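These notes are about the structure you will find just below.
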Protein chains: 2
Amino acid sequence: METEGSRSESGRGESGRNRVNLPPVALVRNTGFLMSKVSQLAREGFERALEPMGLQARHYGVLVVLVGEGPHAQRDLGEKLAIDRTTMVGLVDELEGLGLVERRRDPEDRRRYDLALTDAGKRTISEAEAVATRVQDAVLGPLDNAERRLLHEMLTSVLRNLDDDARFWEASR
Amino acid sequence: METEGSRSESGRGESGRNRVNLPPVALVRNTGFLMSKVSQLAREGFERALEPMGLQARHYGVLVVLVGEGPHAQRDLGEKLAIDRTTMVGLVDELEGLGLVERRRDPEDRRRYDLALTDAGKRTISEAEAVATRVQDAVLGPLDNAERRLLHEMLTSVLRNLDDDARFWEASR
DNA sequence: TATTGTTATACTCTATAACTATA
DNA sequence: TATAGTTATAGAGTATAACAATA
């Protein structure tokens, strides 16, 4: 692949040393654009970092809820994660296939599962949480601890505000 | 693992004050999760606010570059926006159909277009920029001006850092 | 031979509708 | 009748490959 750098030959306009790979100025002024770009890149980094474990980011969400809040019915888990129940089927299939999650029928309501982590699942999520921490640390690299805390607080209050506007989990489904 | 509240009774129905629609605690601790949630909701709000104009957020990006940086070849525009050239075809089709953008052949290289805003396009983007400002203002509502500036700066430095890691526009394509 | 724009195609992700088994 | 989980299917959204016109 040739780089966009020195191709001022036939003068494809843009007069000279014009770098094309920079984000458009008009968009960089927009905080929302920056935020979505940062979170997109953070997500991509997380996906890549998780890959060697055979996991994807969406698996992480499921595991982290199970380890943090105990067994769930598939439906309830989906509701907490704002994932449709038909989508949950495949997701849990994958996690079960990896041996990380176990489907047990709930004896009190045999329509439901009682999804729980296996021992391997517990080990895996603890590894994955370390990966998440590492990636987040890399992403927030330029910020000192006080700034990171501040960022977190600001995002929390922004999110709470959106929530009050009844546009939080509801709106995403 | 009590966290499900008072779920031990056989009551199926979210008995009483147990809200399921809150984000899992383990995820709310994660700055990356917060950021992606905020930007997702901001995006959704922006899409909704743009809808009455018959526009989508991705149209906005195209228009804003054209108004800010003048006419572009379709390919170059796509490169700036990290949008594949095959995807650009349909996008520009739509904008042309709305009468906001004009496809003129570049006389110096007849393979290329010289995409430019029509007068209607100029009016529309100025409206859309007002909408963007309004939405961003609503999203950042809980933050005062100093905090907003700070947030913007932090995001900028984080993004620059990711860029230096050669994972900015490259990685998203 | 390489590049711009185009089309056809495929792939990913997710949601809707209909089915089953339980309640 | 309603609900948990499942399946089949369809719809966005976007990318890959091949092609025409032009360089």
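FYI, side chains are in, hydrogens and waters are out, and symmetry mates aren't considered; it's all heavy atoms of this structure. Only a predicted model underlies this, so the values are computations on that prediction, with no experimental measurement involved. Chain A is the first sequence line, chain B the second, and so forth, proteins listed ahead of strands; every chain is numbered from 1.
Phosphate proximity of dA21(D) to Y113(B): absent, as no side-chain N or O sits under 4.0 Å from OP1 or OP2. Of the side-chain N and O atoms in T87(B), one or more sit less than 4.0 angstrom from OP1 or OP2 of dA15(D).
Under the rule for a side-chain contact (heavy atoms from CB on, under 4.5 Å), the partners of R148(B) that lie at least two apart in sequence or sit in another chain are D137(B), L140(B), L143(B), N145(B). Qualifying side-chain contact (heavy atoms from CB on, under 4.5 Å) partners for A26(A), counting only residues two or more places apart in sequence or in other chains: V64(B). A search for salt bridge (Lys or Arg N to Asp or Glu O under 4.0 Å) contacts involving E129(A) returns nothing, not counting sequence neighbours.
One finds a salt bridge joining R75(B) and E79(B) here, because a Lys/Arg side-chain nitrogen approaches an Asp/Glu carboxylate oxygen to under 4.0 Å. Look at E47(A) and R43(A) and you find a salt bridge, because one of the NZ, NE, NH1 or NH2 atoms lies within 4.0 Å of a carboxylate O, short of that distance. Salt-bridge annotation for D76(A) and R112(A): present, with a side-chain N of the basic residue lying under 4.0 Å from a carboxylate O of the acidic one. Salt bridge present: E94(B) and R58(B) bring a charged side-chain N and a carboxylate O closer than 4.0 Å.
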Can you give me the N/O atom pairs linking the protein to nucleotides 21-23 of chain C at distances under 3.5 Å, or say none if there are none?
{"from": "dA23(C)", "atom 1": "OP1", "to": "R110(A)", "atom 2": "N", "distance (Å)": "2.9"}

Can you give me the N/O atom pairs linking the protein to nucleotides 7-9 of chain C at distances under 3.5 Å, or say none if there are none?
none

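The distance between atom CG of D84(B) and atom P of dG5(C), rounded to the nearest whole Å, is 12 Å. Distance M88(A) CE to dA15(C) P: 12 Å, rounded to the nearest Å. Residue L115(A) contributes atom CG, which lies 7 Å from atom P of dG5(D) at whole-angstrom precision. Protein atom CZ of R104(B) is 19 Å distant from nucleotide atom P of dT4(C), rounded to whole Å. In this structure, R43(B) places its CZ atom 11 Å from C1' of dG13(D), rounding to the nearest Å. To the nearest angstrom, C1' of dG5(C) lies 11 Å from CZ of R112(B). The separation between L91(A) atom CG and dT6(D) atom P is 12 Å, rounded to whole Å. Per the geometry, CZ belonging to R103(B) stands 17 Å off P belonging to dA21(D), to the nearest Å.
Atom-to-atom distance recorded for H152(A):NE2 and L34(B):CG is 4.5 Å, nearest 0.5 angstrom. Note that CG of L55(B) and CD1 of I125(B) are 8.0 Å apart. Values are rounded to the nearest 0.5 Å.
The side chain of A73(B) sits closest to dG5(C) out of dA15(D), dA4(D), dG5(C).
Using modelled atom types, one side-chain atom of E147(B) and one backbone atom of D144(B) make a donor-acceptor pair closer than 3.5 Å.
A salt bridge (Lys or Arg N to Asp or Glu O under 4.0 Å) with D114(B) is found for exactly one of R103(B), R104(B), R105(B), namely R104(B).
Using a 4.0 Å cut-off on heavy atoms, none of the residues of residues 49-68 of chain B approach DNA chain C.
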